[in-house]
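Everything below concerns the one structure shown next.
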There are 2 protein chains.
Amino acid sequence: MTLSTQKRRLHDMVFEALATDIITGALALDTRLPIDSALGNRFEVSRTVIREAIQALASAGLVDVRHGAGTYVNGSASWDLLDTRLLEMLGNTGTIDFLINDLLDVRRMFEVEAAGLAAERATAADIAALEVVVERMRDPKTTGDEYLELNLEFHSLIVQASHNRILTGLRHQMRGVLSVMMNARQRQADEEMRIVSTAMHQMLLDSIREGRADRAQAVMLAHVQGAERSLQRTPES
Amino acid sequence: MTLSTQKRRLHDMVFEALATDIITGALALDTRLPIDSALGNRFEVSRTVIREAIQALASAGLVDVRHGAGTYVNGSASWDLLDTRLLEMLGNTGTIDFLINDLLDVRRMFEVEAAGLAAERATAADIAALEVVVERMRDPKTTGDEYLELNLEFHSLIVQASHNRILTGLRHQMRGVLSVMMNARQRQADEEMRIVSTAMHQMLLDSIREGRADRAQAVMLAHVQGAERSLQRTPES
DNA sequence: CGATATTTGTACGTATGTATT
DNA sequence: TAATACATACGTACAAATATC
């Protein structure tokens with residue numbers, strides 16, 4: 001419950017200390033946090049710092065702040081699983097796998113829709129950018145790590161090519177989940193899979209260039225379903 | 001550029017004053033904002049207040065804060081169209097219609113996917129909650145406003161029944177857009193449409209209860225496409 | 001290149017307001 | 001009514017990043 005190493009801002013450290021206790025269950029559901037001044041004494045920081053930390057906890061849904069009444073610990077049902085700081089902590093404590101299936105569902109939904117819209121709306125510039133990426137994917141000199149980067153960029157470009165600003169906004173909200181997931185399971189890009197994957201990307205690009213939305217969606221669906229298998233998706237329900 | 005009526009927190013008023021100037025173009029792209037202390041003098045508030053306002057502006061993507069270098073106005077391409085406070089301002093200035101088509105695309109994607117997942121995973125409790133809502137929709141004593149409320153609740157319950165926490169998180173992020181949209185275009189629920197709509201909801205519920213994901217998705221697709229027509233969707237591209 | 005000034009970032013302590021108990 | 005606890009705002013000090021001379 002005390003601050004660990006002096007690494008960053010004070011309120012970040014307070015946040016992490018309290019968040020850890022909540023995530024691990026050391027601070028149980030509906031427990032009332034000590035009042036600001038008490039926490040200030042414990043961590044030996046000003047009340048300003050405590051308030052910023054608590055604000056971050058509330059923003060992540062970890063606590064519920066009630067004016068005049070106190071601050072209470074929320075159950076995991078209230079957590080905001082898109083909150084970057086919370087995701088980081090869940091990633092660090094290795095308790096993030098429970099989100100894999102959820103993420104795959106949403107990713108499929110996202111990518112397929114974006115592929116369809118991109119086929120309908122992609123501009124010449126969008127297509128040119130996609131072509132550059134696919135060209136580099138085909139290059140045998142591209143390393144495995146680079147390939148993963150290109151893969152991410154390709155899909156990001158497709159979302160952009162959908163020219164739907166809410167879609168891109170939501171995609172941006174998902175960046176935290178995606179990145180934590182990536183770190184949790186470092187993807188193995190073996191040679192065979194890479195060849196198949198590159199062919200898929202090429203087909204996707206062709207479909208978009210030709211404006212064939214149905215085909216783009218079908219190819220994307222096959223593509224992400226392939227990725228799901230490679231992530232050894234655990235069976236549902 | 002000065003503070004209007006004393007209604008809320010000081011930093012909210014500063015935020016609104018600056019945001020208005022950015023949205024209307026009075027503060028042009030790449031313009032450098034006055035330094036904190038100058039803004040403090042102009043608005044006659046402390047630097048604390050200015051900093052909180054600028055933090056909110058940065059969080060909405062309206063400005064780019066560079067440590068030691070100054071704070072610069074962003075173009076609309078950088079705005080975060082999911083930011084609640086920004087959306088409110090766009091709604092108030094009546095410049096929100098450009099998002100209608102984007103929202104409809106995303107809504108279709110969302111609802112269809114959620115319907116499919118719900119059909120696969122809905123628990124007895126989920127279905128019971130949906131039944132209550134549909135029953136009240138069928139009740140002829142339900143008023144038009146109540147019907148709209150029930151409609152929203154029905155779709156919210158379906159997302160919950162998908163038991164996908166990322167999906168529900170993203171849906172939550174969309175609440176701001178949805179609500180601003182609703183206010184911008186007050187939906188007319190005429191009698192004829194209401195009968196069709198209720199039948200759709202009943203079919204959806206049946207599909208979910210029977211676990212028929214494909215049918216649930218098809219019905220939902222037809223349903224939201226009907227809603228799109230009623231919103232007089234403007235042609236694309 | 002280095003020294004200095006500018007500007008944002010973080011933190012403190014205090015005072016007062018407001019909602020709840 | 002009073003006590004408690006969170007909310008907002010002020011002014012100050014110093015640190016860190018950047019710009020300028």
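Every chain is numbered from 1 and lettered A, B, ... according to where its sequence line falls, protein lines coming before strand lines. All heavy atoms count here, side chains included; hydrogens, waters and symmetry mates do not.
In the set C:dC12, C:dT8, D:dG11, the nucleotide with an atom closest to the side chain of B:Ile35 is C:dT8. Closest approach to the B:Val45 side chain among D:dC10, D:dA5, D:dC6 is made by D:dC10 (side chain taken as heavy atoms from C-beta onward). For A:Arg9, taking side-chain heavy atoms from C-beta onward, the closest of the listed nucleotides D:dA9, C:dT10, D:dA5 is C:dT10. Among D:dA7, C:dT8, D:dG11, the nucleotide with an atom closest to any side-chain atom of A:Val65 is D:dA7. Taking the side chain of A:Arg32 as heavy atoms from C-beta on, and the options C:dT7, D:dA5, C:dG13, the nearest nucleotide is D:dA5. In this structure, the nucleotide among D:dC6, C:dT8, D:dA9 sitting nearest to the side chain of B:Asp36 is C:dT8.
D:dA15 atom P lies 14 Å from atom CG of A:Leu10, rounded to whole Å. Rounded to whole angstrom, the span from the CD atom of A:Gln55 across to the C1' atom of D:dT8 amounts to 11 Å. Distance, B:Asn41 CG to D:dC10 P: 12 Å, rounded to whole Å. Atom CG of B:Asp12 and atom C1' of D:dA7 are 12 Å apart (whole Å). Computed from coordinates, the B:Arg66 CZ to D:dA16 C1' distance equals 17 Å when rounded to whole Å. In this entry the distance linking CD of B:Glu44 with C1' of D:dA9 reads 15 Å, nearest Å. In this entry the distance linking CD of B:Glu52 with P of C:dA11 reads 15 Å, nearest Å.
For the segment residues 69-76 of chain B, the set of residues with a heavy atom within less than 4.0 Å of an atom of DNA chain C comprises B:Gly70, B:Thr71, in numerical order.
Phosphate proximity of D:dT8 to B:Arg8: absent, as no side-chain N or O sits under 4.0 Å from OP1 or OP2. Considering only side-chain N and O atoms, A:Arg47 lies nowhere under 4.0 angstrom from the phosphate OP1 or OP2 of D:dA5. Neither OP1 nor OP2 of C:dT10 sits under 4.0 Å from any side-chain N or O of A:His11.
Between the side chains of B:His172 and A:Asp80, no donor-acceptor pair of N or O atoms lies under 3.5 Å.
Salt-bridge formation is detected for the pair B:Arg121/A:Asp105: a Lys NZ or Arg NE/NH1/NH2 atom is positioned less than 4.0 Å from an Asp or Glu carboxylate oxygen.
A donor-acceptor contact shorter than 3.5 Å is absent between the side chain of A:Ser78 and the backbone of A:Asn74.
Heavy atoms from other residues, nucleotides or ligands lying under 6.0 Å from CZ of B:Arg136 number 12 at most. Residue A:Arg175 qualifies as open at atom CZ: its count of foreign heavy atoms under 6.0 Å is 12 or below.
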- Verdict with supporting geometry, B:Lys141 and B:Asp139, salt bridge (Lys or Arg N to Asp or Glu O under 4.0 Å): CA-CA 5 Å; B:Lys141 290 194 300 295; B:Asp139 187 340; 3.5 Å; yes
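Mapped onto DNA chain C by nearest heavy atom, A:Gly68 and A:Val49 fall at different nucleotides, with A:Val49 at the one closer to the 5' end.
Among residues two or more places apart in sequence or in another chain, the salt bridge (Lys or Arg N to Asp or Glu O under 4.0 Å) test is passed with A:Glu131 by A:Arg209.
You'll find a donor-acceptor pair under 3.5 Å spanning the side chain of A:His67 and the base of C:dT18, going by distance alone.
For the pair B:His11/B:Ile54, no side-chain contact is recorded, criterion being any heavy-atom separation below 4.5 Å from C-beta on.
Using a 4.0 Å heavy-atom distance criterion, B:Arg51 is classed as a base contact.
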